[in-house]
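Notes for the one structure printed next.
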Amino acid sequence: SIMRKLKLEDIYMPNIEHGVNVVLGEGNHAFNSFSFDDINVNTTTEKSDAIISEEGKFLAIASADCMVATVVDIKTDIIGIAHVGWRGAVGDILLKTIDEIIAKGNSNKENIKICIGPSLKKENFEIMSDVKDILSDYCNKHKFELEKYIEVKDNDHWLFDQELLVKDALLDYGILKENLYISDMDTFSEPDISQKDNYLYHSYRRDGEDAGRILVGIVPSRYYGNVLKSLR
C-alpha cells in the first residue's frame, strides 16, 4: 500500500547513460536488484537518467560532478530525481522529468519544487569547441545568449556555467523562483572543513577513475521519520 513503511533498504535508481530518458518507478518497468552493505538497490533495466514515483519510493542517484536534481509536486506528492550532465542539460532532461510529474498528477508548474545539489561549477567546468557548438544550438533553440553561459579560457577551451543555464531554462519553463534551490558548492573544489580529507565531495573531473560517488536521494515527507529511524 502507499502508506507502507518505507525503509532505507529500498532504493530505486535510474541506470545512468548521460541521456534524456525518464522512467516511472512503478508499472511495467523492469529493475535489476543487488545488495550493497545491506541496502537493496534497484536500478532500471533500461538506460535512463531520471526516475519518478507516485507511490513514494525512495529515489536516488550517485554522481561525481554532474547535477542531481530532486523534484516534488507539493500538491500531489509525486516525486522525481534527475541526473543532469551537460548532455542532460541540452536535452532538457529536467524539463522532461517535470512534464512527466505534472502529467501524472494533473498538476501545474506552480506546484513544482526543485532542489539541485553540489555540482561542477563554471571555474572548473572546462569545455572544448565540440561541446560549445552543441551549447550554441541549444541556446539558439531557447533564444538564450550563448555568451552568458561560457567564458573564454584560451584558444581551444571555454568555461561553462551549467548552473546558470539550467536555472534560466527552469525559470523560462515556468518554475517559480522561490521554488528553486541550487547549491553553490563546487564538487571539484569545496574543501572538507572537518579535515578528514582535502575535499568535501567526490569529483570525476578532479580524480578521474579513482573518484567515488555522492548519493543524493528524495523521499516524500510522510516517510521522513521512517527513513531517519532506519539510518540509526
- Considering non-hydrogen atoms only, spot the tightest contact between Ile51 and Pro14 and give its length. CG2-CD, 3.7 Å
- Following the transitive rule for hydrophobic clusters with a side-chain heavy-atom cut-off under 4.5 Å over Ile, Leu, Val, Met, Phe, Trp and Tyr, establish whether Val219 and Ile112 coincide in one cluster. no
- Message: Asn21: which residues meet the side-chain contact (heavy atoms from CB on, under 4.5 Å) condition with it, sequence neighbours left out?
- Response: Val23, Glu46, Ser48
- Message: Rounded at 0.5 Å granularity, tell me how far CG in Leu170 sits from CG in Asn179.
- Response: 11.0 Å
- Message: Using the side-chain contact (heavy atoms from CB on, under 4.5 Å) criterion, which residues pair with Lys177? Sequence neighbours excluded.
- Response: Leu171
- Message: side-chain contact (heavy atoms from CB on, under 4.5 Å), that's the test. Do Asp207 and Tyr199 meet it? Break it down for me.
- Response: CA-CA 11 Å; Asp207 300 327; Tyr199 299 102; 5.7 Å; no
- State the OH-CG distance between Tyr201 and Leu120, to the nearest 0.5 angstrom. 13.5 Å
For residues 157-169, which side-chain N or O atoms pair as donor and acceptor with protein atoms under 3.5 Å away, sequence neighbours left out?
{"from": "His157", "atom 1": "ND1", "to": "Asp154", "atom 2": "OD1", "distance (Å)": "2.9"}
{"from": "His157", "atom 1": "ND1", "to": "Asp154", "atom 2": "OD2", "distance (Å)": "3.4"}
{"from": "Asp161", "atom 1": "OD1", "to": "Leu164", "atom 2": "N", "distance (Å)": "3.1"}
{"from": "Gln162", "atom 1": "OE1", "to": "Trp86", "atom 2": "N", "distance (Å)": "3.4"}
{"from": "Gln162", "atom 1": "NE2", "to": "Val84", "atom 2": "O", "distance (Å)": "2.9"}
{"from": "Glu163", "atom 1": "OE1", "to": "Lys121", "atom 2": "NZ", "distance (Å)": "2.7"}
{"from": "Asp168", "atom 1": "OD2", "to": "Lys148", "atom 2": "NZ", "distance (Å)": "2.8"}
{"from": "Asp168", "atom 1": "OD2", "to": "Tyr149", "atom 2": "OH", "distance (Å)": "2.6"}

- Message: Between Phe144 and Leu180, is there shared hydrophobic-cluster membership here, with clusters defined by ILVMFWY side-chain heavy atoms closer than 4.5 Å?
- Response: no
- Note on the structure: Interatomic distance, CD1@Ile78 vs CD@Glu55, rounded to 0.5 Å, equals 10.5 Å
- Task: Could you list the residues that satisfy salt bridge (charged side-chain N to carboxylate O under 4.0 Å, His left out) with Glu17, not counting sequence neighbours?
- Result: none
- By salt bridge (charged side-chain N to carboxylate O under 4.0 Å, His left out), Glu123 pairs with (sequence neighbours left out) none
- Should we count CG of Asp130 as having more than 12 external heavy atoms under 6.0 Å? yes
- Can you tell me how far CG of Asn198 sits from OG of Ser189, rounded to the nearest 0.5 angstrom? 12.5 Å
- Message: Would you say that more than 12 heavy atoms from the other residues, nucleotides or ligands in this model lie under 6.0 Å from the NZ of Lys143, or not?
- Response: no
- Message: Suppose we screen for ring-ring contact (aromatic ring centres under 6.0 Å, His included). Which residues come up paired with Phe31, at least two apart in sequence or across chains?
- Response: Tyr12
- Query: Do you know which two heavy atoms are closest between Ile79 and Ile218, and how far apart they sit?
  - Reply: CD1-O, 3.8 Å
- Please name the pair of heavy atoms, one in Thr76 and one in Ser107, separated by the smallest distance, quoted to 0.1 Å. CG2-CB, 4.2 Å
- Message: Do Leu135 and Ile127 make a side-chain contact, defined as non-hydrogen atoms from C-beta onward lying under 4.5 Å apart?
- Response: yes
- Is there a chain of hydrophobic side chains (I, L, V, M, F, W, Y, each step under 4.5 Å between heavy atoms) that links Leu146 to Phe125? yes
- Message: Applying a strict under-4.5 Å side-chain criterion to I, L, V, M, F, W and Y, I'd like to know whether Val216 and Ile101 cluster together.
- Response: no
- By side-chain contact (heavy atoms from CB on, under 4.5 Å), Asp133 pairs with (sequence neighbours left out) none
- Note: His202 and Arg213 closest approach over all heavy atoms is CD2-O, 3.1 Å
- Inspect the surroundings of CD in Glu178 and state if more than 12 heavy atoms from other residues, nucleotides or ligands are less than 6.0 Å away. yes
- Message: Is there a side-chain contact between Asp49 and Val20 in this structure, where contact means two heavy atoms from C-beta onward sitting under 4.5 Å apart?
- Response: no
- Report the distance from atom CG of Leu24 to atom NZ of Lys104, rounding to the nearest 0.5 Å. 5.0 Å
- Give a yes or no answer on whether the side chain of Thr44 reaches the backbone of Asn15 with a donor-acceptor pair at less than 3.5 Å. yes
- Query: Hey, does the side chain of Asn42 reach the backbone of Ser33 with a donor-acceptor pair shorter than 3.5 angstrom?
  - Reply: no
- Note on the structure: In short, salt bridge (Lys or Arg N to Asp or Glu O under 4.0 Å) pairs touching residues 105-116 with sequence neighbours left out are none
- Query: Quick one: does Asn111's side chain have a donor or acceptor within less than 3.5 Å of a partner on Asp73's backbone?
  - Reply: no
- In the single-linkage hydrophobic clustering (I, L, V, M, F, W, Y; side-chain heavy atoms under 4.5 Å), do Val152 and Ile134 co-cluster? yes
Identify every side-chain donor-acceptor pair in residues 58-72 under 3.5 Å, counting partners at least two apart or on other chains, and give the distances.
{"from": "Ser63", "atom 1": "OG", "to": "Cys66", "atom 2": "N", "distance (Å)": "3.3"}
{"from": "Ser63", "atom 1": "OG", "to": "Cys66", "atom 2": "O", "distance (Å)": "3.0"}
{"from": "Asp65", "atom 1": "OD1", "to": "Thr187", "atom 2": "OG1", "distance (Å)": "2.7"}
{"from": "Asp65", "atom 1": "OD1", "to": "Ser203", "atom 2": "OG", "distance (Å)": "2.9"}
{"from": "Asp65", "atom 1": "OD2", "to": "Ser203", "atom 2": "OG", "distance (Å)": "3.2"}
{"from": "Asp65", "atom 1": "OD2", "to": "Tyr204", "atom 2": "N", "distance (Å)": "3.1"}
{"from": "Asp65", "atom 1": "OD2", "to": "Arg205", "atom 2": "N", "distance (Å)": "2.6"}
{"from": "Thr70", "atom 1": "OG1", "to": "Cys115", "atom 2": "O", "distance (Å)": "3.2"}

Taking only distance into account, with no hydrogens and no angle test, what donor-acceptor pairs under 3.5 Å do side-chain atoms of residues 91-99 form with protein atoms, sequence neighbours excluded?
{"from": "Asp92", "atom 1": "OD1", "to": "Tyr138", "atom 2": "OH", "distance (Å)": "2.7"}
{"from": "Asp92", "atom 1": "OD2", "to": "His142", "atom 2": "NE2", "distance (Å)": "3.0"}
{"from": "Lys96", "atom 1": "NZ", "to": "Gly91", "atom 2": "O", "distance (Å)": "2.7"}
{"from": "Thr97", "atom 1": "OG1", "to": "Ile93", "atom 2": "O", "distance (Å)": "2.8"}
{"from": "Asp99", "atom 1": "OD1", "to": "Tyr173", "atom 2": "OH", "distance (Å)": "2.6"}

- How long is the span from the CD1 atom in Ile114 to the OH atom in Tyr181, to the nearest 0.5 Å? 14.0 Å
- Message: My understanding is that only residues two or more places apart in sequence, or in another chain, count here; which of them pass salt bridge (charged side-chain N to carboxylate O under 4.0 Å, His left out) with Lys132?
- Response: none
- Glu54 side-chain N/O to Glu26 backbone N/O, donor-acceptor pair under 3.5 Å: no
- Query: How is the hydrophobic cluster of Leu176 composed, in terms of its other members, when Ile, Leu, Val, Met, Phe, Trp and Tyr link through side-chain heavy atoms under 4.5 Å apart, directly or indirectly?
  - Reply: none
